[in-house]
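First up is the structure itself, then whatever we jot down about it.
Just so it is clear, the model here is predicted, and its values are computed rather than measured.
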Amino acid sequence: MRLQLLILCLFAVCLVTSSEAAGKRPPNIVLILADDLGVEGLNCYGGTSYRTPRLDQLAAEGRRFTQAYAQPLCTNTRIQLMTGLYNNRNWLYFGCMDPNARTFGHELQAAGYRTCMAGKWQLHSYDPPDYPGADQRRGTGMRIEDAGFDEYSVWHAGHTEDKGHRYADPTIYENGKIRKDTQGKYGEDLWVDFISDFIDREADGDQPFFVYYAMCLPHWPFVPTPRSEEWGIESEMHPPLGTTGGDNKYFPDMVSYMDEVVGRLVDHIEAAGLGEETLIIYYSDNGTDKRIISDTSFGTVAGGKGDMTRAGTQVPLIVRWTGTIEPGISDTLVDSTDFLPTFLAAAGKPIEPTQQLDGRSFYPLLLGQKHTPRKWTFCHFDPAPGWDKEKFVRSQSVHDGHYKLYDDGRLYDIRLDPLEQLPLRRSVETSRLRDEFQAVLDRMNTPDNN
C-alpha cells in the first residue's frame, strides 16, 4: 500500500513538472552579428590588439565556441544565417536575398514571437546603376518590410547610391520612414536605443521577443567613434569611399566601441530583469578586413575577409543564457545555417519536413542535453554577380575542423596549416578522408540540394 502511494505521489510530481515545462514560456532571443571580425579580434580568443572586456565577460558567463564558421563575405553568411540553407540552394546576387525566402523572422513570428531588427540590411539592391547587368538586379532582393520583422531600424534599405552613412550622421530607415534626427549622432548608439525601447515595450507582454542586431561595426570605412579624439572632424568622419575607406588607425577604436555597445545592450537586458529569460548570441559574418593586422597570444594574424581559409571564415561565437547555459568552452562545429533550427528548437516549434533545412540545431548542447554534433561544414562560395565581385572564383569545400577538401581535389590539414599553403599529398592515409568528403560534395551538388 505504501509502495503504491509512493508511486502515485511520484507520478503526480512528474505530471506537475511536465505541465510546468509544457507551459514555460520560450526564451527571448537576441542575436548580435558583428560585421567583419575574426576570432583574433577578441581577447577571450587570444587577441591582444583591442580591448573587449564586455564580450570577454559575456564569454565567461556563457559558452564560447572555438569551432564556429561563417562564409567569407557578408551577404553569403547573412542569407545562410536567416534561411538555414546553404548558398548553393538560394543564392541570387551579392547584396540581394530572394524575396520569396523564408527568414528566421518569419519563422519566429509564426512561433508566436514579436520580432525586431536593427542595423545593416543591404539585401534589397546592391549594384550601382552604371555597373554592367545592374538593370537586371537592382531592386530585386527582399525588402526589409517583407522580411518578418514587426519593427525595424536599418541602414542600406534600398539602392546603393541612396544608402548614405552608417556611422556618424547615419541614414536610417525606421518602420517605414527615414529618420530626420540623426545629425551628429552615431548609428550604433541609435540602434541600441531602438532595441532597448523595443525590449522595454515587450518585456511584460504575453509573447517572447526576437531581436536581430546586425551591427555595422567594425566594417570599413575606418572612421572615428564617439570615443575617438577625432570625433567631429568632418574629413575624418566622412572620408571619400572607394579608395582607402578611412584610416586603419581607427580600427581599434571601432572594435572597442563595438564591445561597449554590446555591453550596453546586455546591461539593458539585465536592468529589465530579463537575464534569465533571454538567450543572447554573439557571432560574426566573416573574417577581419585584409587591411588589418592583429596581434594575438599565438602570433600575428592578417585579416582574411573574402578568403575561404580559417582567416576568412573562423569567427567568434558566444552564447549566454543566465541560469540555463553552464559556462564553458565548446569545440562543437557550428556554421551559419545552424542558427535558424536552433531558434526553432528554443521556440518549441518543430521543423517541418518540407523545410529541408541544411542547418543542425545546437540547442540541446546549450541545455546540457544529449546532442549529435555535425561532422562537417560545407561552403559554397560564389558571390558573383555583383559590383566588385568578379575577382572571386566559384569554389566549394567541406571540412571537419581538422581536414578540409576543396572541389578541385586540394586537401589541407587546417589545424597545422590554417592559411592552406601546403596541400596534403595523395596517400593511403588520406584516401578514406578524401572519399568521405568527396561524397559530401557530390551529395550537396545533386539536384535536390541546388
Side-chain angles (χ1 to χ4, degrees), residues 38 65-73 75-77 79-81 83-92 94 285-287 304-315 317 330-341 351 353 355-362 371-384 389 391-450:
F65 287 76
T66 62
Q67 290 293 312
Y69 293 87
Q71 295 291 88
L73 290 176
T75 296
N76 305 69
T77 292
I79 289 176
Q80 292 195 169
L81 183 71
T83 65
L85 302 174
Y86 285 123
N87 285 163
N88 62 315
R89 297 182 61 193
N90 63 0
W91 182 261
L92 292 180
F94 192 87
D285 64 352
N286 49 249
K305 176 182 177 178
D307 291 343
M308 290 181 68
T309 64
R310 286 175 62 176
T313 60
Q314 188 177 12
V315 294
L317 172 59
S330 175
D331 61 0
T332 297
L333 201 62
V334 175
D335 79 16
S336 51
T337 64
D338 295 334
F339 289 79
L340 190 151
I351 297 174
Q355 289 177 278
Q356 297 181 322
L357 299 180
D358 290 315
R360 178 189 295 269
S361 169
F362 54 91
H371 171 62
T372 303
R374 59 164 57 248
K375 294 181 179 179
W376 47 262
T377 182
F378 169 73
C379 179
H380 172 93
F381 184 53
D382 186 14
K389 302 303 176 290
K391 60 189 176 185
F392 296 103
V393 178
R394 177 190 181 276
S395 184
Q396 292 184 330
S397 69
V398 59
H399 77 82
D400 61 3
H402 189 173
Y403 295 99
K404 181 175 184 179
L405 179 71
Y406 282 89
D407 54 355
D408 62 4
R410 288 175 295 139
L411 179 69
Y412 295 94
D413 183 333
I414 59 175
R415 287 185 184 173
L416 298 178
D417 182 19
L419 296 181
E420 302 175 9
Q421 297 176 324
L422 187 63
L424 296 177
R425 294 180 179 180
R426 294 184 178 272
S427 66
V428 174
E429 290 78 11
T430 63
S431 61
R432 180 196 59 80
L433 197 60
R434 286 180 181 277
D435 290 344
E436 180 181 332
F437 283 1
Q438 186 61 50
V440 174
L441 291 173
D442 292 343
R443 184 166 70 252
M444 295 304 292
N445 285 294
T446 59
D448 290 342
N449 279 295
N450 282 278

Could you tell me whether the side chain of Gln80 reaches within less than 4.5 Å of the side chain of Asn76, counting heavy atoms only? no
So, using side chain to side chain contact (heavy atoms under 4.5 Å, CB included) as the criterion, who are the partners of Gln355 when residues are at least two apart? Glu107, Leu344, Ile351, Glu352, Leu357
Please enumerate all residues that pass side-chain hydrogen bond (donor to acceptor under 3.5 Å, both in side chains) together with Asp307, with sequence neighbours excluded. Lys290
Decide whether Gln396 and Asn88 meet the rule of one side-chain donor and one side-chain acceptor closer than 3.5 Å. no
For Asp442 and Gln438, does a side-chain donor sit closer than 3.5 Å to a side-chain acceptor? yes
Side-chain donor/acceptor of Gln67 to backbone N/O of Gln314, under 3.5 Å: no
Inter- and intrachain pairs under salt bridge (Lys or Arg N to Asp or Glu O under 4.0 Å), touching residues 371-382, at least two apart: Asp335-Arg374, Asp338-Arg374
OG1-CG distance between Thr430 and Asp413, expressed to the nearest 0.5 angstrom: 11.5 Å
When rounded to the nearest 0.5 angstrom, what is the spacing between CG in Leu333 and OG1 in Thr66? 9.5 Å
I'd like to check Phe392 versus Leu73 (side-chain heavy atoms, cut-off strictly below 4.5 Å). Are they in contact? yes
Suppose we screen for salt bridge (charged side-chain N to carboxylate O under 4.0 Å, His left out). Which residues come up paired with Asp331, at least two apart in sequence or across chains? none
Gly287 and Val315 have their tightest heavy-atom pair at N-CG1, 4.3 Å
Got a sec, which residues hit side-chain hydrogen bond (donor to acceptor under 3.5 Å, both in side chains) with Thr309, two or more places apart in sequence or on another chain? none
Is the closest side-chain heavy-atom distance between Cys379 and Pro72 below 4.5 Å? yes
Side chain proximity check, Leu441 to Tyr406, heavy atoms < 4.5 angstrom: no
Tyr412 and Gln421, any side-chain heavy atoms less than 4.5 Å apart: no
Results of side chain to side chain contact (heavy atoms under 4.5 Å, CB included) for Asp435 - residues two or more places apart only: none
Side chains of Glu436 and Val398 in contact at under 4.5 Å (non-hydrogen atoms): no
Side chain to side chain donor-acceptor pair (under 3.5 Å) partner of Gln71, chosen from Asp285, Thr77, Asn87: Asn87
With Tyr403 via ring-ring contact (aromatic ring centres under 6.0 Å, His included) - residues at least two apart: none
If a pair satisfies salt bridge (Lys or Arg N to Asp or Glu O under 4.0 Å) and one of its residues is in residues 417-426, list it, with sequence neighbours excluded. Lys404-Glu420
With Pro373, which residues qualify under side chain to side chain contact (heavy atoms under 4.5 Å, CB included), at least two apart? Thr332, His371
To the nearest 0.5 Å, atom CG of Leu424 lies from atom CG of Leu433 at 8.5 Å
Tyr86 side chain reached by Thr337 side chain, heavy atoms, under 4.5 Å: yes
Residue list, side-chain hydrogen bond (donor to acceptor under 3.5 Å, both in side chains) with Ser395, at least two apart or on another chain: none
Under the side-chain hydrogen bond (donor to acceptor under 3.5 Å, both in side chains) test, residues paired with Asn90 that sit two or more places apart: Thr83
Do you know the tightest heavy-atom contact between His399 and Ile414? ND1-CD1, 3.9 Å
Report the residues that fulfil ring-ring contact (aromatic ring centres under 6.0 Å, His included) with Phe362, sequence neighbours left out, ordered by chain and then residue number. Phe65, Phe339
Just verifying a value: how many Å separate Ser431 OG and Leu411 CG, rounded to the nearest 0.5 Å? 10.5 Å
Side-chain contact, heavy-atom cut-off 4.5 Å: Thr372 with Arg360? yes
